[in-house]
Amino acid sequence: MFTHSPEWAALGQHAERLRERHLTALFATDDQRFARLSRRLGDLVFDFSKQRIDKAAIDLLLAFARMRRLSQGIAALAGGEMLNFTEGRAAQHMALRSLDPVMVGGQNVLPEVATTRERMRSLVSALRSGGTRGASGQPIRHVVNIGIGGSDLGPRMAAHALGPLGRGDFRVSFVANLDPDELGSVLADATAAETLFIVASKTFTTQETLANAEAARAWLRVRLGSGVDLAPHFIAVSNNVAAARAFGVSDDRCLSLPEWVGGRYSMWSAIGLPIACAIGWEAFEQMLAGAREADQHFTSAPLEHNVPVLMGLLGLWNVNFLGCASHAVLPYCQRLADLPSYLQQLEMESNGKRIDRDGRPVPCDTAPVLWGGAGTVGQHAYHQLLYQGTATIPIDFIVPVGDDVPAQRMLVENALAQSAALMLGRDEHQSRAQLAAAGRVADEIDRLAPHLVCPGNQPSSTLLFPLLTPHAFGRLVALYEHKTFVQGWLWGINSFDQYGVELGKQMARALSGAGGGAPPDGSTAGLLESIARIRGTRRS
Ligand code: F6P
């Protein structure tokens, strides 16, 4: 068991040593700390010097990674081995942005990827030029992506990060939730004759997506007439072509999603069609190139210089040795406001697991709760807890430097200020001095000073790069994909299945009457009774 290894035991000793050392002391005793604990990848700077660690502990984490044969794991991932060992699949999302042959099960899949990519390019070109016509002959000007989870979060994030600000004459919208208000709000001012729906679903069985697709079809039928062939208003992206065809999507409008691409790793595939619709094909290819840069780095850089490996190891250190139960991602960039939501699925659906590849309970904690939001907005919402709460919460600050204009400069300065202030804190002496400088009298200073103290020592990493270009965006997302793989490999879990969420779906079917059974518990029974009263009828 890896938690009984000498490396794990030594890491525990280093954690005890470092637990009581304040980050200010670590900087005070090493004027080369930033140089030692930062890395570069192209024009990206990865600064992890504000993490509660030192070179000795980093070296031990790397020794642990070697003991866990991480380099072999990375090679297995890149080689298309069946690392999704419960579903008997590879996890070959790197093939989606590769220009070189990539193997899955001994077969080169590049031709399949290239064929789909060419079909995407052709569809995007026709759509964005107005060449794609609806049933009444009018050009399509509004594409609505209907999908959820990996069929929504990545595309939605990318379109918001890289797409046009404002509406323009060709727009792309996203609908994911079963709540009819989301589709309703997207279609409220839409014109049926000019609207096309992408039904994005790897399985083509997801309840939310099918319900929204049916509702979209009904919306079209009411407006275009009952006898009209609606096929020109639909594209499907799925691994289940038969189901897409049964829904009424014509074969030439079905794009495939290979079974060796996990949903939360699929935005580079045909699932990324709405991204390319929103940002254009050239920008989509630049996004793929950015991910490719991250892939080349991940699969070739030595572990000690490998940014996603270090991101993964630092995450493991914070969870397993500093006891951090959550991890915040704070993009100081409004266009990246969706990044935390995307990473929630990527990291928590990948590594929110408890059983290892041998079918045994993992002997340590695994994925932390990931949360976050765009800075500077969060500074007026949850930063107080980060300053004076009781939890150690590691933070990733994501900082595109951007243009040198006043507001952007202030945004970047805020990111650096928050990261520094959360680390440095404000001690009793500084708090008393601040109160004295504000003219407070002695007994007020005595009373208030404890309430001003900020212990500091909150760990953070900063990923800083010049501009949020499609390339930089693709690279950033791929780095987190690889970080996620690193952690799953080290914990010995399968990052590529998601059996847990099936339970919720089964319960929903049971409650919908499809299962026909009695309520599963007293709380649900009572709530169902309450709902029946609210609706004025009693459930039989
Ligand atoms: O959340 C469960 C899940 O299967 C995700 O892994 C997936 O991205 C999402 O549902 C949507 O699945 P599909 O693309 O098959 O509709």
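All values below come from the heavy atoms of this structure, side chains included, with hydrogens, waters and symmetry mates left out. First listed ligand is number 1; within each ligand, the first listed atom is number 1. Positions are given from 1, in the same order as the sequence printed here.
Salt bridge Glu285/Arg121: absent, no basic N to carboxylate O contact under 4.0 Å.
Other residues, nucleotides and ligands place more than 12 heavy atoms under 6.0 Å from the CD atom of Gln138. When the shell of 6.0 Å around CE of Met82 is examined, it contains 12 or fewer heavy atoms from other residues, nucleotides or ligands.
Relative to atom 3 (C) of ligand 1, the option among Glu502, Lys505, Lys202 with the closest non-hydrogen atom is Lys505. Among Asn240, Thr206, Ile271, the residue whose heavy atom lies nearest to atom 13 (P) of ligand 1 is Thr206. When Leu153, Ile148, Ile146 are checked for heavy-atom proximity to atom 11 (C) of ligand 1, Ile148 turns out nearest. Ranked by closest heavy atom to atom 7 (C) of ligand 1, the top entry among Glu208, Gln207, Gln345, Arg264 is Gln345.
Between Thr203 and ligand 1, a contact under 3.5 Å exists for at least one N or O pair.
When each of Leu343, Asp396, Val319 is paired with His327, the side chain to side chain contact (heavy atoms under 4.5 Å, CB included) condition holds for Asp396 and for no other. Partner of Arg264 under the side chain to side chain donor-acceptor pair (under 3.5 Å) criterion, out of Gln345, Gln498, Glu347: Gln498 alone.
For atom 6 (O) of ligand 1, the nearest non-hydrogen atom of the protein is Glu349 OE1, 2.6 Å. Here the heavy atom of the protein found nearest to atom 8 (O) of ligand 1 is Gly150 N, 2.7 Å.
Under a 4.0 Å criterion applied to the non-hydrogen atoms of Gln498, ligand 1 contributes the atoms 6 (O). For ligand 1, the atoms lying closer than 4.0 Å to a non-hydrogen atom of Val501 are 2 (C).
Shortest non-hydrogen contact noted between Leu110 and Ser98 is CD1-O, 3.4 Å.
The closest donor-acceptor contact from the side chain of Asn145 to the backbone of Ile271 lies at 3.5 Å or more, if one exists at all.
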